[in-house]
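Quantities reported herein were computed from a predicted structural model and do not represent experimental measurements. For reference, positions follow the sequence shown, starting with 1.
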Amino acid sequence: MSVDLVNRDPNNINDHLKVCFEDVLAEPEGTHSMDCVWSNSYKCFNCCKSLCYTIMTLCCGICIAAEWGCEFAYIAFTHIWYITPCFKVLELNCGCLQKLYGMCIHCCMDPCCEACGLLFAAFKKG
């Protein structure tokens with residue numbers, strides 16, 4: 001499977017990070033800087049945001065991706081070799097306990113329920 005170099009967020013999990021100049025800086029009516037300051041601020045904002053992101057990903061991106069790969073491999077390992085077998089043990093043991101609980105309830109409650117049923121049946125006949 002090849003990586004999509006155009007659409008790098010196909011599931012839109014980082015839509016909240018799409019920050020534009022207009023989302024951060026805004027001058028209300030009546031409080032405007034000179035046009036050259038505003039247009040150059042726009043260019044500097046976008047350039048610095050892009051340049052800093054590029055430098056940080058160049059320096060750290062591969063190592064961080066490797067760390068996350070190890071993290072998710074560890075999670076998969078733990079689930080496969082520890083958590084899922086533990087749930088299977090619980091499922092087996094709880095099945096036995098469920099049968100035992102059912103037998104105890106039947107032993108203790110069946111006579112009481114039958115007696116109440118006979119009692120109410122006697123009222124119905126009378």
Side-chain angles (χ1 to χ4, degrees):
M1 184 168 111
S2 63
V3 67
D4 187 353
L5 295 177
V6 177
N7 185 8
R8 297 185 184 191
D9 189 9
N11 298 326
N12 299 319
I13 61 172
N14 285 316
D15 266 353
H16 62 285
L17 296 177
K18 293 179 182 175
V19 178
C20 298
F21 177 78
E22 296 83 8
D23 297 330
V24 178
L25 298 170
E27 292 181 325
E29 194 64 40
T31 310
H32 286 185
S33 59
M34 292 184 290
D35 290 346
C36 65
V37 170
W38 190 248
S39 64
N40 285 317
S41 297
Y42 174 83
K43 291 173 188 171
C44 285
F45 176 88
N46 288 318
C47 180
C48 288
K49 185 177 95 167
S50 178
L51 182 63
C52 287
Y53 182 78
T54 302
I55 291 170
M56 287 187 284
T57 55
L58 181 65
C59 293
C60 305
I62 294 171
C63 294
I64 292 172
E67 193 279 325
W68 280 116
C70 291
E71 181 71 27
F72 284 105
Y74 172 75
I75 290 169
F77 173 83
T78 304
H79 276 260
I80 291 166
W81 293 101
Y82 185 72
I83 294 174
T84 301
C86 284
F87 277 126
K88 186 49 111 174
V89 168
L90 284 172
E91 183 182 329
L92 293 171
N93 288 333
C94 287
C96 292
L97 291 174
Q98 184 180 15
K99 287 180 184 178
L100 177 64
Y101 179 76
M103 287 189 293
C104 291
I105 292 297
H106 284 298
C107 288
C108 297
M109 296 302 293
D110 281 358
C112 295
C113 291
E114 285 180 35
C116 288
L118 291 172
L119 180 67
F120 288 121
F123 283 122
K124 183 180 177 185
K125 290 179 184 176

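- Of all the heavy atoms in Asp9 and Asp15, the pair that sits closest is OD2-N, 4.0 Å.
- Using a distance-only test at 3.5 Å, with no hydrogens or angles considered, a donor-acceptor pair links the side chain of Thr57 to the main chain of Thr54.
- The structure places CG of Asn46 at 11.0 Å from OG of Ser41, a figure rounded to the nearest 0.5 Å.
- What you find for Val19 and Lys49 is that their closest heavy atoms are O-NZ, 2.5 Å.
- Applying the side chain to side chain contact (heavy atoms under 4.5 Å, CB included) test between Ser33 and each of Val37, Asp35, Thr31 identifies Val37 as the sole match.
- No path of Ile, Leu, Val, Met, Phe, Trp and Tyr side chains, each step under 4.5 Å between heavy atoms, connects Ile83 with Val89, placing them in separate hydrophobic clusters.
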Go through the steps for Leu25 and Tyr42 under the test side chain to side chain contact (heavy atoms under 4.5 Å, CB included), then give the verdict.
CA-CA 9 Å; Leu25 298 170; Tyr42 174 83; over 6 Å; no
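- Clustering ILVMFWY residues whenever any of their side-chain heavy atoms sit less than 4.5 angstrom apart, transitively, puts Phe45 in the very cluster that holds Trp38.
- Atom CD1 of Ile62 sits in a sparse spot, with 12 or fewer heavy atoms from other residues, nucleotides or ligands closer than 6.0 Å.
- Met56 and Leu17 sit in two unconnected hydrophobic clusters of ILVMFWY residues. Membership requires side-chain heavy atoms under 4.5 Å apart, directly or through other members.
- The heavy-atom pair separating His79 from Pro85 by the smallest distance is O-CD, 4.0 Å.
- Here the closest heavy-atom approach between residue His32 and residue Glu27 is recorded as CA-OE1, 3.4 Å.
- Note: Met103 CE to Ile105 CD1 = 12.0 Å, rounded to the nearest 0.5 Å.
- In the hydrophobic clustering of ILVMFWY residues, with side-chain heavy atoms under 4.5 Å counting as a link, Leu97 and Phe87 come out apart.
- Distance CH2/Trp68 to OH/Tyr74: 14.0 Å, rounded to 0.5 Å.
- To the nearest 0.5 Å, the span separating SG on Cys48 from CD1 on Ile55 amounts to 9.5 Å.
- Residues Phe77 and Ile75 do not share a hydrophobic cluster, defined by chaining ILVMFWY side chains whose heavy atoms lie under 4.5 Å apart.
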